[in-house]
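Notes follow the structure.
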Amino acid sequence: MKHDQVPAELLERYAAGDPGINPDELWAVEAHLEGCASCRERLGAAVQRQSPATTALLARVGDRLAAEIAISTTMPRRRRGQVLGRSRWLLPPGLLARLAMTVLLVLAALSLDLVDQQGRGEYPSLVLLFAPVAPLLGVAAVWSRRLDPAYEFVMASPRAGLYLVLRRTLLALMVVIPALAAAGWAVGASPARWLLPCLAFTAGALALGEVVGLSRAAIGLAAAWVIGVVGPSMLTATSPVLLAPGALPAWAALTAVVAIVLALRRDTYTGLRSGH
Amino acid sequence: MGAASEEWLVRRVADGDTVAFEELYRRTSPWLAVRLRRRCADDELVAEVLQETYLTVWRAAAAFAGTAIGGSAVGWLWTIAARRLVDAYRRRTREANLPPTVFGPEIVPAAEDEALRDTVGDEMGAALRRLAPELRQVLQAMVLDGLTVRETAVLLGLPEGTVKTRARRARIALREALS
């Protein structure tokens, strides 16, 4: 039946809801109809002949839809056009709030740094210390079943997977990095010192997220950094070795390795079953 | 709008074109309604699922239209409808606390089908016909309708373990029939 049409008699029985069609024929009809517009058109005519119940149901639903759509076209959401419609897919709910929170945290770090510089200036810059993990708060919300009511739906869209994850991550970085750059400029923490670690952590969270779920990966990495590096640096009031200029080649290598892992395992995001 | 593809119609719908939406509904809704009615005996539920499906299409057409990959708009419609059907069953089961009644009385392969088997020479078809109805249901939901084990379990009102067992048994039965 692949290249032919469904036989008329079979189509009529299918439209009528005849339960006696052999399963193999039934399957073939259904599989064929999904790919053949002309047979679907013929089925429409067969339904009108064979099944008054279906015809009535279709008319009823059609009326209800017309009413619903008349309301939603007048909504400003649609008038603002496609750009917004598309950005809905770039922006999972919760991401903007988290990005705003991140910017606030950067500002808080900045003000503490400024206070410290006014005083004795003995502590390493908090902006610099937090910069590597700053995007993680947003990244955690990039691909989340819990935060996104449309998650299942996004999953079903052909754009789902790493592509969408990366687009959303890019968006998060476009907010966080300028904020960090501005704050860093104010306290003399050059982007050269934190940009690579920042990218390494972001890519690391995405790669690790393929294994344990994105939220868990982001939280884990951020916690490890705070406990392992930020805490000791503040306690000993020394700038961490990991953010010294000498560590940059290592960060670059790490970013490259993580990016390769991420690319190799990209299919995981398409079928990500993570409940987080 | 005669020869336009469904994919093109969805792209027009994404721009808020109600005429394209009506045309898409006219073309695809009989197919979707018949397919859903063959999976759910309750017409009210079918109407509900149909309505939700097309509303989703209306609201989210941009998501489909925005794709660079393309893909089949009709397949996309079915994916949405199947998920909505499972959701509706889930709701109903929760409310009524009863396993839903799905699928009409299953037919048993008739004797002439058995006899026909050799002449038809379609081994796969014959194997499907001989498959026990409860195994076929599971296979249909998972293979033809593209549902997951969990969704199949909801739709058929079975525990997930039973769905897995039946899927395995169906696979073994088909393999034996084909070898």
Side-chain angles (χ1 to χ4, degrees), chain A residues 14-17 19-28 30-31 33-37 39-41 43-48 50-51 53-58 60-62 64-66 68-70 72-73 77-79 81-86 88-89 150 152-154 156-159 163 273, chain B residues 5-6 14-16 18 21-22 25-31 33-35 37-38 43 46-48 50-51 54-56 58-72 74-76 78-80 83 104-107 109 113 122 124-129 131 133 136 140 143-144:
Chain A
Y14 181 68
I21 303 178
N22 283 315
D24 52 329
E25 288 177 318
L26 185 64
W27 284 33
E30 294 202 325
L33 281 171
E34 201 168 312
C36 176
C39 281
R40 280 197 300 274
E41 198 74 46
L43 178 68
V47 164
Q48 288 197 340
Q50 297 290 340
S51 179
T54 311
T55 310
L57 187 151
L58 285 172
R60 204 162 66 232
V61 174
R64 281 193 232 153
L65 280 172
E68 289 264 2
I69 278 156
S72 58
T73 29
R77 186 175 66 76
R78 285 220 66 85
R79 288 272 58 87
Q82 227 175 346
V83 176
L84 193 69
R86 288 193 181 174
R88 265 161 51 96
W89 293 87
E152 164 197 69
F153 196 67
V154 176
S157 76
R159 284 205 306 179
Y163 173 72
R273 70 279 120 190
Chain B
S5 72
E6 274 81 358
D15 292 337
T18 50
F21 182 77
E22 278 161 21
Y25 184 76
R26 189 193 69 73
R27 280 199 202 179
T28 54
S29 64
W31 158 74
V34 173
R35 191 162 175 181
R37 288 189 76 208
R38 282 187 166 271
D43 273 0
V46 170
E48 200 181 296
L50 212 53
Q51 185 177 349
Y54 282 96
L55 274 180
T56 308
W58 172 251
R59 291 186 183 129
F64 179 82
T67 167
I69 311 156
S72 147
V74 177
W76 181 62
W78 173 252
T79 310
I80 300 171
R83 298 283 184 283
E106 265 287 342
I107 43 143
D113 289 343
D122 179 4
M124 189 68 195
L128 267 180
R129 285 181 204 194
L131 204 60
R136 204 157 57 215
Q140 171 176 328
V143 177
L144 193 61

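The structure displayed is predicted, hence computed values, not measured ones. Quick note on labels: first sequence line is chain A, next is B, and so on, each numbered from 1.
- Classification of A:Glu30 and B:Arg38 as a salt-bridged pair fails, no side-chain N sitting under 4.0 Å from a carboxylate O.
- The salt bridge (Lys or Arg N to Asp or Glu O under 4.0 Å) check on A:Arg60 picks up B:Glu44, with sequence neighbours excluded.
- Heavy atoms closer than 4.5 Å to chain B are found nowhere in A:Thr55, neither backbone nor side chain.
- Contact of the B:Leu50 side chain with the A:Leu58 side chain is registered, since non-hydrogen atoms from C-beta on lie closer than 4.5 Å.
- Between A:Leu33 and B:Val34 there is no side-chain heavy-atom pair separated by less than 4.5 Å.
- Contacts between B:Arg35 and chain A at a heavy-atom distance below 4.5 Å involve backbone atoms as well as side-chain atoms.
- Interface residue A:Glu34: backbone and side-chain heavy atoms are both found under 4.5 Å from chain B.
- Your options are B:Gln51, B:Glu6, B:Glu48, B:Glu22, and the one with the most heavy-atom pairs under 4.5 Å with chain A is B:Gln51.
- Among A:Gly44, A:Ala16, A:Gly17, the residue making the largest number of heavy-atom pairs under 4.5 Å with chain B is A:Gly17.
- Both the backbone and the side chain of A:Val61 have a heavy atom closer than 4.5 Å to some heavy atom of chain B.
- Not a single donor-acceptor pair under 3.5 Å links the side chain of B:Tyr54 to the backbone N or O of A:Gly62.
- Neither the backbone nor the side chain of A:Ala66 comes within less than 4.5 Å of any heavy atom of chain B.
- Distance check, rounded to the nearest 0.5 Å: CG of A:Leu65 to OH of B:Tyr25 gives 6.0 Å.
- You'll find the side chain of B:Trp31 stays beyond 4.5 Å of the side chain of A:Glu41, heavy atoms only.
- Annotation: the span from B:Arg59 atom CZ to A:Ile69 atom CD1 amounts to 8.5 Å, rounded to 0.5 Å.
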